[in-house]
Number of protein chains: 2
Amino acid sequence: MSKSVALPPIVMPARDEITVEGVLRALADPVRLAIVRQLAAAGHEIACGGLTVPVTKSTLTHHLSILRQAGVVSGRQEGTTRFNSLRRKDLDALFPGLLDGVLAAPR
Amino acid sequence: MSKSVALPPIVMPARDEITVEGVLRALADPVRLAIVRQLAAAGHEIACGGLTVPVTKSTLTHHLSILRQAGVVSGRQEGTTRFNSLRRKDLDALFPGLLDGVLAAPR
DNA sequence: GTCGTAGTTCGACAGTCACCGTACTACGCC
DNA sequence: GGCGTAGTACGGTGACTGTCGAACTACGAC
């Protein structure tokens with residue numbers, strides 16, 4: 001068949017589609033919080049494989065999909081690699097201080 | 001028996017016992033978020049019965065206990081009434097901007 | 001073309017969680 | 001004393017969620 005569905009188109013909510021509850025839910029997990037911290041600390045996008053998390057690939061995919069759907073991270077495809085980055089601007093615009101407060105946390 | 005256990009002593013974590021993840025988890029629920037919003041909007045403590053939530057009493061007790069254990073709300077006993085208030089100072093000190101970011105959310 | 005790598009999808013499973021109704025304790029008032 | 005109110009404790013249930021392994025697609029290099 002010619003219909004090469006390709007990898008999923010990476011769904012991302014628009015800025016005004018992002019809800020506080022969704023963001024909080026996305027951040028309320030140790031693995032996802034670790035991902036966000038790494039992205040914030042790096043300051044640039046990171047490929048899935050470049051993230052250090054104590055779970056298998058499939059679970060990591062699951063967490064990244066939740067973070068993406070919540071509007072916390074954005075994805076960019078390049079070949080078979082998927083780069084993830086924090087949607088800092090959108091989050092800061094919608095919930096000023098939230099992300100900084102979370103990242104400033106001692107633990 | 002003479003051992004009147006009385007109502008539970010209202011456990012509350014010390015400031016340095018509060019974790020980001022616990023707070024995020026506590027806020028990541030529509031009912032609890034509504035409670036926090038009401039407490040923040042009021043600016044003063046509110047009794048359990050004074051909170052407007054679409055759940056039964058026992059469920060409300062459950063949510064308040066979670067908020068208390070997470071360090072988001074504090075409780076004060078007075079007779080049979082239990083007054084709840086937001087631990088603004090502690091939260092702002094630990095995670096500056098977090099609470100404001102959540103409350104500033106459009107929805 | 002073949003192989004290896006990057007990442008997703010699909011069950012399946014165990015643990016957690018929100019919710020409720022009922023029973024209970026504690027206080028205040030009559 | 002008895003009664004009503006405020007809130008908690010307990011037991012149970014259905015739904016969600018994090019986790020994994022295995023199978024799959026897509027790209028790049030040889």
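Lettering of chains follows the sequences in order, A, B, ..., and the numbering in each one begins at 1. Small disclaimer: the values here were computed from a predicted structure and weren't measured.
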*So, does A/Arg25 use its side chain to make a donor-acceptor pair with the main chain of B/Ala28 at under 3.5 Å?*
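Between the backbone of B/Ala28 and the side chain of A/Arg25 there is a qualifying donor-acceptor contact (under 3.5 Å).
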State which of [options] makes the closest approach to the side chain of [X].
{"X": "B/Lys57", "options": "D/dG7, D/dT19, C/dG7", "result": "D/dG7"}
{"X": "B/Ala47", "options": "C/dA18, D/dG7, D/dT19", "result": "D/dG7"}
{"X": "A/Arg82", "options": "D/dC20, C/dT8, C/dC19", "result": "C/dT8"}
{"X": "A/Ser58", "options": "C/dC10, C/dG21, C/dA18", "result": "C/dC10"}
{"X": "B/Val31", "options": "C/dC19, C/dT8, C/dC20", "result": "C/dC19"}
{"X": "A/Ile66", "options": "D/dG18, C/dA6, D/dC20", "result": "D/dG18"}

*Ignoring hydrogens and angles, does a donor from either the side chain of B/Thr80 or the base of D/dG7 sit under 3.5 Å from an acceptor on the other?*
no
*Do A/Thr61 and C/dG7 share a donor-acceptor pair, side chain to base, under 3.5 Å?*
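No, the side chain and the base share no sub-3.5 Å donor-acceptor pair.
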*For the residue pair A/Arg15 and A/Ala93, what are the closest heavy atoms and their distance?*
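Looks like NH1-CB, 3.4 Å.
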*Whole angstrom value for the distance that separates P of D/dG7 from CZ of B/Arg76*: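 Atom CZ in B/Arg76 sits about 12 Å away from atom P in D/dG7.
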*Starting from the 5' end of DNA chain D, give me the residue, A/Glu78 or B/Gly50, whose nearest nucleotide shows up first.*
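Its nearest nucleotide being more 5', the pick is B/Gly50.
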With a 4.0 Å cutoff (strictly under), does any side-chain N or O of [X] reach OP1 or OP2 of [N]?
{"X": "B/Thr56", "N": "C/dC20", "value": "yes"}
{"X": "B/His62", "N": "D/dC10", "value": "no"}
{"X": "A/Arg25", "N": "D/dC16", "value": "no"}
{"X": "B/Arg68", "N": "D/dG7", "value": "no"}

*hydrophobic_cluster_shared for A/Leu39 and A/Phe83, side chain cutoff 4.5 Å*: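 Looking at the clustering, A/Leu39 is in a separate group from A/Phe83.
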_Between A/Ile66 and A/Leu60, is there shared hydrophobic-cluster membership here, with clusters defined by ILVMFWY side-chain heavy atoms closer than 4.5 Å?_
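Per the 4.5 Å side-chain linkage, A/Ile66 and A/Leu60 are not co-clustered.
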*Does the side chain of A/Ile35 reach to within under 4.5 Å of the side chain of A/Ile46, using non-hydrogen atoms?*
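No - every pair of side-chain heavy atoms lies 4.5 Å or more apart.
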